[in-house]
Amino acid sequence: LAEFTRQVPGMAMHTVGSYSLGEYLISLDYLDDQKELYEGLIKVHGMDLQIAPEIINQISIGTTGILITRFKSGDFSKHETPYLGDYRHSTEALFNPDAVAVVAADVEKLIEHGLIHEWAAESFDCWVVNTETGQISITGWHALRRASTADELAEFRDSINQMLERKAIV
C-alpha cells in the first residue's frame with residue numbers, strides 16, 4: 001500500500017495505517033480492531049451529523065479491513081488537531097462561531113439518541129479542524145457509547161460546551 005500511495009497524486013500518509021486523499025480517509029487495520037470504529041459510525045449514520053465522517057466503503061482482505069470514510073468538513077489534509085500546546089498536526093486557531101454552532105447542534109443530536117463520544121468530551125485529541133474553512137470534525141468514533149443515565153448525558157453536553165468555550169472566538 002505504501003507503494004500505491006506514492007503513485008496516487010494527492011494521497012498522503014495521515015497516521016500509521018491511515019491515508020488521506022481530499023476529503024477521504026482510508027484506514028487499514030485488523031478487522032477485529034476496526035470493528036468498533038465501523039460500528040460507531042454505523043450508529044450515527046442517518047443522524048446527519050456534520051462532525052462525523054460518513055462510511056463510503058469497508059473492504060475485507062483476509063484479517064485486514066480497509067475502511068474508507070469521507071469527512072464533510074472537506075479536504076482532510078487541511079485538518080489539524082486543535083491542541084492548546086505544540087503538536088505536529090496542531091493548530092492554536094480559535095473556533096469560528098458557525099463551527100461552534102454546528103458542533104453544539106450535533107452534540108444535541110447524539111444526546112437525543114442517548115449517545116456520548118467519551119473521547120471528544122475528555123480532550124481535543126480526536127477533534128480536527130479544517131484550517132481553510134474552520135469546520136470541525138470528530139474522529140475516534142469507536143469511543144461512542146450509550147449513556148447509562150440522564151446525568152451522564154448532561155455531563156457530556158457540559159464538557160463539550162466547556163471545550164467549545166475554551167477555543168471559541170469571542
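Residues: numbered from 1 along the sequence shown. Values below: every heavy atom of this structure, side chains too, minus hydrogens, waters and symmetry copies.
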Fill in the blank from the handout: Tested for side-chain contact (heavy atoms from CB on, under 4.5 Å) against Leu144, the lone hit among Lys43, Glu36, Glu39 is Lys43

Fill in the blank from the handout: To the nearest 0.5 Å, atom CD of Glu132 lies from atom OG of Ser73 at 11.5 Å

Exercise for the section: Return the minimal non-hydrogen interatomic distance between Val129 and Gly134, and the atom names on each side. Expected result: CG1-O, 3.9 Å

Handout entry: Ser18 side chain to Ile26 backbone, donor-acceptor under 3.5 Å
Key = no

Handout entry: Close side-chain approach of Trp127 and Lys167, heavy atoms under 4.5 Å
Key = no

Completion exercise
In this structure, OG of Ser27 is separated from CG of Asp33 (nearest 0.5 Å) by 12.5 Å

Practice task
Measure the CG-CD1 distance between Asn57 and Ile68 for me, rounded to the nearest 0.5 Å.
Solution key: 5.5 Å

Practice task
State yes or no: do Leu67 and Leu31 share one hydrophobic cluster built from I, L, V, M, F, W and Y residues joined by side-chain heavy-atom distances below 4.5 Å, directly or via other members?
Solution key: no

Handout entry: Smallest separation among heavy atoms of Ile138 and Pro53, with atom names
Key = O-CD, 3.7 Å

Exercise for the section: Could you grab the distance from atom CG of Leu21 to atom CZ of Arg70, nearest 0.5 Å is fine? Expected result: 13.0 Å

Exercise for the section: Treating Ile, Leu, Val, Met, Phe, Trp and Tyr as nodes and any side-chain heavy-atom pair under 4.5 angstrom as an edge, say whether Trp141 and Trp119 lie in one connected cluster. Expected result: no

Handout entry: Glu152 vs Thr149, side chain to side chain contact (heavy atoms under 4.5 Å, CB included): CA-CA, chis, key distance, verdict
Key = CA-CA 5 Å; Glu152 193 173 26; Thr149 66; 3.4 Å; yes

Fill in the blank from the handout: For Asp29 and Gln34 the tightest heavy-atom approach is N-NE2, 3.9 Å

Practice task
For residues Leu153 and Ile116, determine if any side-chain heavy atom of one lies less than 4.5 Å from a side-chain heavy atom of the other.
Solution key: yes

Handout entry: side chain to side chain contact (heavy atoms under 4.5 Å, CB included) partners for Ala99, two or more places apart
Key = Asn96, Ile136

Practice task
Determine whether Tyr30 and Tyr38 fall in the same hydrophobic cluster, where Ile, Leu, Val, Met, Phe, Trp and Tyr are linked whenever their side-chain heavy atoms lie under 4.5 Å apart.
Solution key: no

Handout entry: Ser159 and Asn161: CA distance, side-chain angles, deciding distance, side chain to side chain contact (heavy atoms under 4.5 Å, CB included) verdict
Key = CA-CA 5 Å; Ser159 177; Asn161 286 338; over 6 Å; no

Exercise for the section: Would you name the heavy atoms of Leu37 and His142 that are closest together and state the gap between them? Expected result: N-CB, 3.4 Å

Practice task
Grab the two heavy atoms, one from Asp48 and one from Lys109, that are nearest each other, plus how far apart they are.
Solution key: O-NZ, 3.1 Å

Handout entry: CG on Leu41 to CD1 on Ile55, rounded to 0.5 Å
Key = 4.5 Å

Practice task
Go through the steps to decide whether Thr69 and Ile56 satisfy the test side chain to side chain contact (heavy atoms under 4.5 Å, CB included), and finish with yes or no.
Solution key: CA-CA 5 Å; Thr69 55; Ile56 300 301; 5.7 Å; no

Exercise for the section: Report yes if the side chains of Arg146 and Leu115 come closer than 4.5 Å at any heavy-atom pair, otherwise no. Expected result: yes

Exercise for the section: Run the salt-bridge test on Glu54 and Lys72 with the 4.0 Å N-O cut-off and return the result as yes or no. Expected result: no

Problem - Check: Val107 and Ile111 side chains under 4.5 Å, non-hydrogen atoms - result: yes

Exercise for the section: To the nearest 0.5 angstrom, please state how far the CD1 atom of Ile160 sits from the CG atom of Asp106. Expected result: 11.0 Å

Exercise for the section: Would you please test Cys126 and His117 for side chain to side chain contact (heavy atoms under 4.5 Å, CB included) and show each step? Expected result: CA-CA 10 Å; Cys126 61; His117 187 307; 3.7 Å; yes

Practice task
Run the salt-bridge test on Arg157 and Glu108 with the 4.0 Å N-O cut-off and return the result as yes or no.
Solution key: yes

Completion exercise
Tightest non-hydrogen contact, residues Leu164 and Ala104, listed as CD1-N, 4.3 Å

